[in-house]
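Heads up, the thing below is written out as structure tokens.
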Amino acid sequence: MEVVASAPGKVLMTGGYLILERPNAGIVLSTNARFYAIVKPIHEDVKPESWAWSWTDVKLTSPQLSRESMYKLSRKHLTLQCVSSSESRNPFVENAMQYTVAAAHATFDKNKKEALDKLLLQGLDITILGCNDFYSYRNQIEALGLPLTPEALATLPPFTSITFNSEESNGGNCKPEVAKTGLGSSAAMTTAVVAALLHYLGVVNLSTSSADQHQENKNSTDLDIVHMIAQSAHCIAQGKVGSGFDVSSAVYGSQRYVRFSPEVLSAAQAAVKGMPLEEVIGNILNGKWDHERTEFSLPPLMTLLLGEPGTGGSSTPSMVGAVKKWQKADPEKSQETWRKLADANSELETQLNMLRKLAKEHWDAYKCVIDNCSRLKPAKWMEGVTEPIKAEVVKVLLKAREVMLEIRNHMRTMGEAAGVPIEPESQTKLLDATMNMEGVLLAGVPGAGGFDAVFAITLGDSSRNVTNAWSSHNVLALLVREDPQGVCLESGDPRFLEITSAVSSVNIK
Ligand SMILES: Nc1ncnc2c1ncn2[C@@H]1O[C@H](COP(=O)(O)OP(=O)(O)O)[C@@H](O)[C@H]1O
Ligand SMILES: C[C@@](O)(CCOP(=O)(O)OP(=O)(O)O)CC(=O)O
């Protein structure tokens, strides 16, 4: 019996830094880059003598990092002991394991606890796999002598090995351990592992069709449990309480997000100081989760593009640390910048919602404008537009651009004041050039900014021109796109599914 669950990566379009404080909102788009967790028993049968054992064997495999770790999980105390080399530890998955088993203990009656014991005695074999889009493959592509194009990226086999950033480049603690693109691999990984384990242990009952899963009211309690456990495990593993937008979008998909009050996790933090885990999870599941989640998706005929400029990414925690230091050192100036940024963020949201409304109410005019603008540079979008409703659509498009420029300005101001490269000069040049290409609505640095991938929103069929232009500027366009679907069960191991679908497509031909 094997359970496979997957959760998506994200792009925080607005709200970087501000989203750390309630009630500021952020817009987060989930993507078709997904992280998979496969859970199955290690032993097919439970040997009679094993009933006396008080621990569960756990095997954790990350094929892309060539890491395999063995653990012993105490079934009574839920402590986890790594019995293989400590260099290969994974705190995200370790916490996810402890929290999910504790959730089963906290919610099961006596009968279910017996079944749980039997299942745990069979051991847990966990495999984790992230789509290529989570990681940077520029070096491999260059080493293979291939051009920096999405087509070259598409030739890499699925779940290719991940590159580590070199020690020297990590010297200033400004680069992460692995070369990542910034799509939230750790949040998607934690969410996928939590979902797969909770389903495997029988705490929740997820479904394969994400549309079903996310339908209002239906199974929403199950998703809420996945969210609470994944969020707590992720925060504890990271050693800090972030805003949680990455876990929320990994669970529920694209959304407008306002963070939870950090106090809801004080029980989990107390656990680190010795409170029994079962009690902690009870508190978490009954806690006052006050985050807000509102449906949000891009207006029709718009595409999310990501481009990797090629510097191996930035470390978000050190950037956040610098911004917080600046807030303390210069409260007046920082508050003023934050207020302007918050206003601009909410204005962009308004313009995008207005475009969704115009598309719904005046589809033909909307489609005609988008098709037209997709072939023109923004300065020409209004030329020759006479019909009032079409002029209205162009006006809103232009307003969205103007607001995006304002957001970028304030983000740069914040970076300069805090002494961190939130929109570094190299990114500014790239974003300015991108925003002036035919059919580009807007472009920016997602999330915390820095040297991670940049994003662009394009109109109609213009994405091809943008990716070609990016390639000629040495920017690798990623294959990832927006996909509003959150966590869901999969029908099997994605590595075998890829092969089966490749074989069946060959057969069809
Ligand atoms: N496939 C994987 N196998 C094991 N660990 C992974 C994998 N992908 C990501 N990680 C872990 O997650 C970390 C990256 O998480 P994080 O810094 O949050 O970056 P991101 O912006 O992608 O979320 C990596 O340093 C690594 O520890
Ligand atoms: C600064 C932030 O508001 C946004 C960071 O967004 P990123 O998308 O840059 O995140 P990482 O995946 O961790 O690199 C911090 C937060 O909200 O927790």
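Ligands are counted one by one from 1 in listed order, and the atoms in each one are counted from 1 as well.
Here the shortest heavy-atom distance to atom 19 (O) of ligand 1, taken over Met189, Arg89, Lys180, Lys10, belongs to Lys180. Counting heavy atoms only, Ser186 comes closest to atom 16 (P) of ligand 1 of the residues Pro317, Ser186, Ala187. The option with the heavy atom closest to atom 5 (N) of ligand 1, from among Leu65, Thr127, Leu129, is Leu65. One option in Val323, Thr316, Leu12, Asn24 has a heavy atom closer to atom 14 (O) of ligand 2 than any other, and that option is Thr316. Of the candidates Pro63, Gly447, Ala250, Ser185, it is Ser185 that places a heavy atom closest to atom 14 (C) of ligand 1.
Cation-pi check for Arg356 over Phe296 is met; the charged atom lies under 6.0 angstrom from the ring centroid and within 45 degrees of its normal. Figure legend: Arg495 and Phe159 shown without cation-pi pairing, the cationic atom not lying both under 6.0 angstrom from the six-membered ring centre and within 45 degrees of its axis.
The distance from ligand 2 to the heavy atoms of Val320 drops below 4.0 Å at these ligand atoms: 1 (C). Near Ile19, the atoms of ligand 2 lying under 4.0 angstrom from a non-hydrogen atom of the residue are 3 (O), 17 (O). Listed by number with element, the atoms of ligand 1 under 4.0 angstrom from any heavy atom of Ile128 are 3 (N), 4 (C). Near Gln64, meaning under 4.0 Å from any of its heavy atoms, are these atoms of ligand 1: 1 (N). Of all the atoms in ligand 1, the ones that sit under 4.0 Å from a non-hydrogen atom of Ser62 are 1 (N), 2 (C), 3 (N), 4 (C). Listed by number with element, the atoms of ligand 2 under 4.0 angstrom from any heavy atom of Lys180 are 14 (O). Remark: ligand 2 atoms within the under-4.0 Å shell around heavy atoms of Gly16 are 3 (O). Close contacts of ligand 1 with Ile162, meaning ligand atoms under 4.0 Å from a residue heavy atom, involve 1 (N). Every atom of ligand 2 with a heavy atom of Gly447 under 4.0 Å away is listed here by number and element: 6 (O), 7 (P), 8 (O), 9 (O). Each of the atoms 4 (C), 5 (N) of ligand 1 lies under 4.0 Å from some heavy atom of Asn90. The Gly242 neighbourhood of ligand 2 comprises atoms 18 (O), with distances under 4.0 Å to a heavy atom of that residue.
In terms of protein heavy-atom proximity, atom 3 (O) of ligand 2 is nearest to Tyr17 N, 2.8 Å. Nearest protein heavy-atom contact of atom 16 (C) of ligand 2 is Ser243 OG, 3.4 Å. Looking only at heavy atoms of the protein, atom 4 (C) of ligand 2 is closest to Phe245 CE2, 3.7 Å. Here the heavy atom of the protein found nearest to atom 5 (C) of ligand 2 is Ala448 N, 3.6 Å. Of all protein heavy atoms, the one lying nearest to atom 7 (P) of ligand 2 is Lys10 NZ, 3.6 Å.
Atom CD of Gln81 is surrounded by 12 or fewer heavy atoms from other residues, nucleotides or ligands within 6.0 Å. By the 6.0 Å contact criterion, NZ on Lys333 is open, its count of non-hydrogen atoms from other residues, nucleotides or ligands being 12 or less.
With salt bridges taken as basic N to acidic carboxylate O contacts below 4.0 Å, one links Glu402 and Lys399. Here Arg408 pairs with Asp432 in a salt bridge; the nearest charged N to carboxylate O distance falls below 4.0 Å.
Remark: the backbone N or O of Phe134 is paired with a side-chain donor or acceptor of Thr181 at under 3.5 angstrom. In this structure, Thr191 contributes its side chain and Val251 its backbone to no donor-acceptor pair below 3.5 Å.
Side-chain contact between Ile422 and Val323 is present, with heavy atoms from C-beta onward closer than 4.5 Å. At least one side-chain heavy atom of Ile19 sits under 4.5 Å from a side-chain heavy atom of Leu12.
Side-chain atoms of Gln485 and Ser30 include no donor-acceptor pair closer than 3.5 Å. Checked by atom type, the side-chain pair Trp470/Thr149 shows no donor-acceptor distance below 3.5 Å.
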Is there a ring pair (Phe, Tyr, Trp, His ring centres under 6.0 Å) between Trp289 and His227 once you walk through the steps?
CA-CA 10 Å; Trp289 288 87; His227 176 251; 5.7 Å; yes

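Taking OG of Ser232 as the reference point, atom CD of Gln98 lies at 13.0 Å (rounded to 0.5 Å).
Some N or O of Tyr135 is nearer than 3.5 Å to an N or O of ligand 1, by distance alone.
Under 4.0 angstrom from ligand 2, there are no non-hydrogen atoms of Asp246.
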